[in-house]
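These notes concern the structure reproduced below.
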Amino acid sequence: MKKLHYIVLFAVALFVANCDTNDDGFYNNVFTDIPNLVSIDAHSSTYNVGEKLFITTDFSRYLNENGTTIDAFKTTGATQFDFSYIIEKQATATVWEVVTVNDNQLDIVKGSAQNGSYVYGICDYNTVDETYEYRVGFPLLSAGAYRLSFGYNSDAKNLVELRSLSPAKRLFLNINSTITGLDSEGYYNFTVN
């Protein structure tokens with residue numbers, strides 16, 4: 001009986017030692033850094049009430065990572081990538097309030113978007129030119145000081161985090177993409193007159 005006890009103890013120890021505590025491995029996540037996949041279509045840092053602030057992405061399924069080509073579509077099977085951003089209006093010197101609009105007020109040219117406490121954007125795969133595309137305009141409905149950031153779901157300050165919406169049992173590609181036009185705190189600051 002004592003021998004059986006040691007065999008069971010050894011088996012349990014072996015099982016526990018082989019448990020995968022790496023969630024990224026479990027969920028088939030891979031990460032890469034590819035700059036400038038998302039842009040703010042800023043004609044200036046000053047807008048007028050009624051204009052729209054457009055966010056755009058149009059990147060190839062063939063991504064260059066340090067001289068190596070990654071085929072995002074073949075690797076993930078994803079027809080969409082998602083990301084998020086937030087637009088805030090300055091209420092007082094130190095208080096910023098999230099700006100929300102109804103989804104039907106968003107000017108959706110390519111991709112799709114939903115607005116709540118942040119804008120949830122989805123880049124759609126275009127089979128004709130083999131790119132992932134998104135172009136959505138956020139309406140600027142009142143005057144004031146504003147800021148936009150891409151760090152709603154992360155602590156990242158100067159980049160956008162795009163994630164493939166891959167089918168089950170396929171690889172999830174997470175792309176960290178630096179973006180130009182942000183200040184040192186990760187904000188694009190602008191004014192609406």
Side-chain angles (χ1 to χ4, degrees), residues 33-61 63 72 78-165 173-193:
D33 297 322
I34 300 173
N36 302 315
L37 296 183
V38 177
S39 64
I40 302 166
D41 294 358
H43 60 277
S44 75
S45 61
T46 303
Y47 297 81
N48 294 314
V49 170
E51 289 186 303
K52 296 174 183 163
L53 176 65
F54 279 90
I55 305 298
T56 301
T57 183
D58 189 350
F59 62 91
S60 173
R61 69 184 269 183
L63 301 169
T79 58
Q80 298 176 317
F81 275 79
D82 71 354
F83 66 103
S84 61
Y85 52 97
I86 186 168
I87 297 177
E88 298 170 295
K89 182 178 180 185
Q90 190 169 24
T92 68
T94 58
V95 176
W96 292 84
E97 296 175 344
V98 174
V99 179
T100 61
V101 297
N102 294 324
D103 288 348
N104 63 355
Q105 291 177 287
L106 296 171
D107 186 358
I108 301 173
V109 179
K110 295 179 181 180
S112 59
Q114 296 173 343
N115 183 240
S117 57
Y118 61 93
V119 178
Y120 175 65
I122 298 177
C123 312
D124 288 331
Y125 184 65
N126 180 335
T127 57
V128 175
D129 66 0
E130 299 183 318
T131 60
Y132 291 93
E133 302 173 337
Y134 177 88
R135 180 166 170 76
V136 172
F138 192 95
L140 304 171
L141 304 176
S142 64
Y146 288 81
R147 67 184 186 184
L148 176 147
S149 72
F150 295 92
Y152 181 77
N153 291 324
S154 74
D155 293 328
K157 290 189 177 184
N158 66 338
L159 55 84
V160 180
E161 295 176 342
L162 297 125
R163 178 176 168 82
S164 66
L165 299 178
L173 179 58
N174 298 276
I175 305 171
N176 294 324
S177 184
T178 54
I179 184 167
T180 57
L182 302 181
D183 67 15
S184 62
E185 293 298 311
Y187 294 107
Y188 167 66
N189 296 287
F190 60 100
T191 303
V192 177
N193 296 319

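When every heavy atom of S117 is checked against every heavy atom of I86, the shortest pair comes out as O-CD1, 3.5 Å. The two residues S142 and V49 make their nearest non-hydrogen contact at C-CG2, 3.8 Å. The two residues A78 and S164 come nearest to each other via the heavy atoms CB-CB, 3.7 Å. For the pair L106 and A113, the tightest heavy-atom approach, listed with the atom from each and the gap, is CD1-CB, 3.9 Å. Heavy-atom minimum distance, L141 versus Q105: CD1-NE2, 3.7 Å. When every heavy atom of L182 is checked against every heavy atom of I40, the shortest pair comes out as CD2-CD1, 4.0 Å.
Remark: side-chain polar atoms of S177 are not paired, donor with acceptor, to backbone N or O of V160 under 3.5 angstrom. With hydrogens and angles disregarded, no donor-acceptor distance shorter than 3.5 Å links the side chain of N115 to the backbone of N102. Within the 3.5 Å criterion, the main-chain N or O of A143 finds a donor-acceptor partner in the side chain of K89.
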Inset, instruction - For L162 and Y132, run side-chain contact (heavy atoms from CB on, under 4.5 Å): C-alpha distance rounded to whole Å, both residues' side-chain angles, the deciding distance at 0.1 Å, then the answer. - result: CA-CA 11 Å; L162 297 125; Y132 291 93; over 6 Å; no

Inset, instruction - Give the C-alpha distance, both sets of side-chain angles, the deciding distance and a yes or no for side-chain contact (heavy atoms from CB on, under 4.5 Å) between I55 and L148. - result: CA-CA 10 Å; I55 305 298; L148 176 147; 3.7 Å; yes

Inset, instruction - Please step through ring pair (Phe, Tyr, Trp, His ring centres under 6.0 Å) for the pair F138 and Y85, ending with a clear verdict. - result: CA-CA 11 Å; F138 192 95; Y85 52 97; 7.6 Å; no

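In this structure, the side chains of S39 and T57 stay at 4.5 Å or more apart for every pair of heavy atoms.
Here the OG atom belonging to S84 is positioned 12.0 Å from the CD atom belonging to Q114, to the nearest 0.5 angstrom. If you take CG on N48 and CG on N193, they are separated by 6.0 Å, rounding to the nearest 0.5 Å. The CZ atom of F54 lies 5.0 Å from the CZ atom of R135; values are rounded to the nearest 0.5 Å. We find the CD1-CD1 distance between I175 and I34 to be 5.0 Å, quoted to the nearest 0.5 Å. Rounded to the nearest 0.5 Å, atoms OH (Y146) and CG (L53) are 11.0 Å apart. For the atom pair CG (D107) and CD (E51), the distance works out to 12.5 Å, reported to the nearest 0.5 Å.
Every residue two or more places apart in sequence or in another chain that forms a side-chain contact (heavy atoms from CB on, under 4.5 Å) with N158 is listed here: T178. Under the side-chain hydrogen bond (donor to acceptor under 3.5 Å, both in side chains) criterion, N36 pairs with no residue at all, not counting sequence neighbours. Every residue meeting the side-chain contact (heavy atoms from CB on, under 4.5 Å) condition with L165, not counting sequence neighbours, appears here in chain and number order: Q80, D82, Y120, I122. Listed by chain and number, the residues in a side-chain contact (heavy atoms from CB on, under 4.5 Å) with D129 are N126, T131, E133 (sequence neighbours excluded). When the side-chain contact (heavy atoms from CB on, under 4.5 Å) test is applied to S45, no partner is found at least two apart in sequence or on another chain.
In this structure, F59 has its ring center under 6.0 Å from that of F81. Aromatic ring centres of Y134 and F83 lie closer together than 6.0 Å.
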What side-chain donor-acceptor pairs closer than 3.5 Å can you find for residues 93-100, not counting sequence neighbours?
none

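Under 3.5 Å, the side chains of R163 and N174 contain a donor-acceptor pair of N or O atoms.
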